[in-house]
S.K.: 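Pasting a structure here, questions to come.
To find a chain, count down the sequence lines: A is the first, B the second, and so on, and within it residues start at 1.
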Amino acid sequence: LYKGLDIGTAKPDKQEREIVPHHLIDIFEISERLDVFRYVELADRAICEIRSRGHIPVIAGGTGMYIRALLYGLDPLPSNPELRTKLDAEFDSESGFEKLKELMSAKDPGDFQRWKQHRRKLIRALEVFEITGKSITELQKTWKENPSLRYDVFAGTLVWDREILKRRIEIRTDKMLRSGWIDEAAEMIRQGLLHSPTAHQALGYKIIAEYLEGGISHETMRTRIITSTWQYARRQITWFKNQHPESVPINMPVDMEKLICGIRRQSHDY
RNA sequence: GGUGGGGUUCCCGAGUGGCCAAAGGGGGCAGACUGUAAAUCUGCUAGCUAUGCUUUCGGAGGUUCGAAUCCUCCCCCCACCA
């Protein structure tokens, strides 16, 4: 989605994009704040446009929450950017967290119990509570109790053998570092990546920043990127295993045929 | 060769007689997840025929009712001196 984070987020390159047109790439500046809701709006629009041309859209990516939100929808929870900015300023810090807990345990004990260790979720719950006077848990019930797919999809979760996956992450990291990731990161940091609202969360850039400041060696940086990527991959495994009943496992690389057949079937349905 | 410091559970690292299968961190494993999600958070992490037992704190002995902790010898590592 973000401009500039080409190597670090492993964007498809020019050649790949000539073969398969990609959407929603480079549509945000790193200084922009992004969230699931906006993503779903944009993805819906892109899907609609692709289908209107008689083509089959393929949703690819590892951001579980975004994909689930696209496929199952979001409950109509309100948001208020100004209020949120205010709440963040007040509570999104070590010291603010204690105040937040006190406030929420008084105002909204249910959500407080649910998220008492989780600063961000508690702030979001407070935001919703301030706007609606209701607990976010209460308002999320529609999705929880009656999840239904918004699109007729064939969904597959790519599953690699763990040892092979680890090895692939290592190879991928080295490849990215050799392709100039460090220079890219330096440039992005110069443009304010570390203080960006959401883009700074892209994996690896903060670790590279530490290396550039001389805090850690090249090898330590490399190892940490590999470890974080691996941990992220594990979170993805958990997510897609438990949050996507519609998805079938595609054992890589042997089940590629299954994936292709699934996509073909969709195209016949059109 | 001499002096000083050190060897702790997968790793780093605390523990200097009982409350120690051993703090804390890392890693690993499992899980959560509705507007910052490549983020954030939670639980478990010696073994077993488990409210107890067995093995574990460099190795071998010893002191003690009781040792990761004290003593002796040995093996390795680091720093400084030569």
Side-chain angles (χ1 to χ4, degrees), chain A residues 1-2 5 7-11 28 30-43 61-85 87-89 91-92 97 101 111-128 131-132 134-147 150 162-163 166 169 172-173 176 181 185 188 193-208 216 220 223-244:
Chain A
L1 294 155
Y2 295 110
L5 308 176
I7 299 166
T9 60
K11 269 182 209 162
F28 287 103
I30 56 168
S31 58
E32 286 180 272
R33 188 184 187 109
L34 179 56
D35 61 61
V36 223
F37 187 78
R38 287 193 74 188
Y39 166 76
V40 172
E41 280 183 329
L42 293 163
T63 310
M65 184 196 184
Y66 281 41
I67 291 181
R68 194 188 67 185
L70 177 65
L71 296 185
Y72 288 94
L74 292 162
D75 279 320
L77 301 174
S79 77
N80 180 332
E82 290 88 62
L83 173 64
R84 181 56 185 264
T85 305
L87 295 177
D88 281 347
F91 298 117
D92 198 11
F97 194 23
K101 285 186 194 170
D111 285 341
F112 171 69
Q113 274 310 113
R114 189 173 171 208
W115 302 125
K116 59 181 164 191
Q117 318 263 173
H118 198 140
R119 199 155 79 204
R120 277 191 196 168
K121 288 182 198 283
L122 221 43
I123 293 175
R124 171 66 181 147
L126 179 59
E127 179 191 1
V128 172
I131 299 167
T132 63
K134 285 181 187 162
S135 126
I136 190 167
T137 307
E138 190 63 31
L139 295 167
Q140 282 171 182
K141 275 199 171 154
T142 321
W143 186 87
K144 276 257 150 68
E145 285 169 7
N146 187 24
R150 301 169 65 229
R162 285 214 170 187
E163 286 313 307
K166 269 185 199 168
I169 287 170
R172 171 189 135 124
T173 303
M176 281 157 66
W181 191 8
M188 289 297 109
L193 178 68
L194 298 180
H195 308 286
S196 68
T198 50
H200 73 275
Q201 296 179 140
L203 200 154
Y205 289 89
K206 276 195 281 279
I207 300 171
I208 296 177
I216 53 173
T220 302
T223 314
R224 279 208 210 156
I225 292 171
I226 291 169
T227 302
S228 315
T229 308
W230 168 245
Q231 292 171 334
Y232 171 50
R234 273 177 26 219
R235 261 178 280 138
Q236 291 180 307
I237 291 169
T238 302
W239 178 279
F240 286 100
K241 191 165 69 187
N242 299 310
Q243 306 287 332
H244 290 262

S.K.: Here's a test of your reading of the structure: between A/Tyr232 and A/Lys144, which maps to the more 5' nucleotide of RNA chain B?
M.R.: A/Lys144
S.K.: Who is the Watson-Crick or G-U wobble partner of B/G66, with both distances under 3.5 Å?
M.R.: none
S.K.: Given that both distances must come in under 3.5 Å, which nucleotide forms a Watson-Crick or G-U wobble pair with B/A14?
M.R.: none
S.K.: NA contact type, A/Arg162, heavy-atom cut-off 4.0 Å: base, sugar-phosphate, or nothing?
M.R.: sugar-phosphate
S.K.: Using the C1' atom on both, measure B/U64 against B/C44 and round to a whole Å.
M.R.: 37 Å
S.K.: Say whether A/Tyr39 and A/Thr63, considering side chains only, have a donor N or O and an acceptor N or O under 3.5 Å apart.
M.R.: no
S.K.: For the pair A/Asp92 and A/Arg120, find out whether any cationic side-chain nitrogen is under 4.0 Å from an anionic carboxylate oxygen.
M.R.: no
S.K.: Please state the C1' separation for the pair B/G18 and B/C80 - nearest whole angstrom.
M.R.: 39 Å
S.K.: Inspect the contact between A/Glu127 and A/Arg124 and indicate whether a charged nitrogen and a carboxylate oxygen are less than 4.0 angstrom apart.
M.R.: yes
S.K.: For B/U16 versus B/A21, give the span between their P atoms, rounded off to a whole number of Å.
M.R.: 16 Å
S.K.: Do side-chain atoms of A/Tyr205 reach the backbone of A/Gly8 as a donor and acceptor pair under 3.5 angstrom?
M.R.: yes
S.K.: Give one of base, sugar-phosphate or nothing for A/Lys116, where a contact means two heavy atoms less than 4.0 Å apart.
M.R.: nothing
S.K.: Suppose you measure atom P in B/A68 against the same atom in B/U9; what distance do you get, rounded to whole Å?
M.R.: 14 Å
S.K.: Just checking A/Gly204: base, sugar-phosphate only, or nothing, at a heavy-atom cut-off of under 4.0 Å?
M.R.: nothing
S.K.: Could you tell me how far B/U8 sits from B/G24 if I compare only their C1' atoms? Round to whole Å.
M.R.: 14 Å
S.K.: Say whether, by atom type as modelled, one donor and one acceptor occur between the side chain of A/His244 and the main chain of A/Phe240 under 3.5 angstrom.
M.R.: no
S.K.: Assign A/Thr227 to base, sugar-phosphate, or nothing according to its heavy-atom contacts below 4.0 angstrom with the strands shown.
M.R.: sugar-phosphate
S.K.: Contact class for A/Arg124 vs. all strands (heavy atom < 4.0 Å): base, sugar-phosphate, or nothing?
M.R.: base
S.K.: Tell me whether A/Thr198 contacts the main-chain N or O of A/Leu34 through its side chain, where contact means a donor paired with an acceptor under 3.5 Å.
M.R.: yes
S.K.: From the 5' end of RNA chain B to its 3' end, which nucleotides mark the outer limits of contact with chain A, defined by a 4.0 Å heavy-atom distance cut-off (strictly under)?
M.R.: B/G27 to B/U42
S.K.: Between A/Gln236 and A/Glu127, just flag the one whose closest nucleotide in RNA chain B comes earlier from the 5' side.
M.R.: A/Glu127
S.K.: Considering every strand shown, what is the Watson-Crick or G-U wobble mate of B/U9 when both distances are under 3.5 Å?
M.R.: none
S.K.: Indicate, with a heavy-atom threshold strictly under 4.0 Å, whether A/Asp88 touches base, sugar-phosphate, or nothing.
M.R.: base
S.K.: Any base atoms under 4.0 Å from A/Tyr66, or only sugar-phosphate, or nothing? Heavy atoms, all strands.
M.R.: sugar-phosphate
S.K.: If the P atom of B/G25 is compared with that of B/U45, how far apart are they to the nearest Å?
M.R.: 14 Å
S.K.: Is a side-chain donor-acceptor pair under 3.5 Å present for A/Ser79 with A/Arg84?
M.R.: no
S.K.: Could you tell me how far B/C29 sits from B/G13 if I compare only their P atoms? Round to whole Å.
M.R.: 24 Å
S.K.: Assign A/Ala202 to base, sugar-phosphate, or nothing according to its heavy-atom contacts below 4.0 angstrom with the strands shown.
M.R.: sugar-phosphate
S.K.: Looking for any heavy atom pair under 4.0 Å, which part of the strands does A/Leu139 touch: base, sugar-phosphate only, or nothing?
M.R.: nothing
S.K.: Between A/Asn242 and A/Thr238 (side chain of the first, backbone of the second, donor and acceptor by atom type, cut-off under 3.5 Å), is there such a pair?
M.R.: yes
S.K.: Have a look at A/Arg84 and say if it touches a base, only the backbone sugar-phosphate, or nothing, with a 4.0 Å heavy-atom cut-off.
M.R.: base
S.K.: Let's test this: given Watson-Crick or G-U wobble pairing with both distances under 3.5 Å, identify the partner of B/C80.
M.R.: B/G2
S.K.: Donor-acceptor pair, distance only, cut-off 3.5 Å: does the side chain of A/Lys166 make one with the backbone of A/Ile226?
M.R.: no
S.K.: Could you check which nucleotide pairs with B/A22 in any of the strands shown, counting Watson-Crick or G-U wobble with both distances under 3.5 Å?
M.R.: none
S.K.: What contact category does A/Gln243 fall into here, base, sugar-phosphate, or nothing, at under 4.0 angstrom with non-hydrogen atoms?
M.R.: base
S.K.: When we call it a touch if two heavy atoms are under 4.0 Å apart, what does A/Gln117 touch: a base, just sugar-phosphate, or nothing?
M.R.: sugar-phosphate
S.K.: What contact category does A/Asn80 fall into here, base, sugar-phosphate, or nothing, at under 4.0 angstrom with non-hydrogen atoms?
M.R.: nothing
S.K.: If pairing requires Watson-Crick or G-U wobble contacts with both distances under 3.5 Å, which nucleotide is the partner of B/C29?
M.R.: B/G43
S.K.: Please measure how far the C1' atom in B/C12 lies from the corresponding atom in B/G4, and state the result in whole Å.
M.R.: 24 Å
S.K.: Scan A/Trp239 against the nucleic acid and name what it touches under 4.0 Å (heavy atoms): base, sugar-phosphate only, or nothing.
M.R.: base
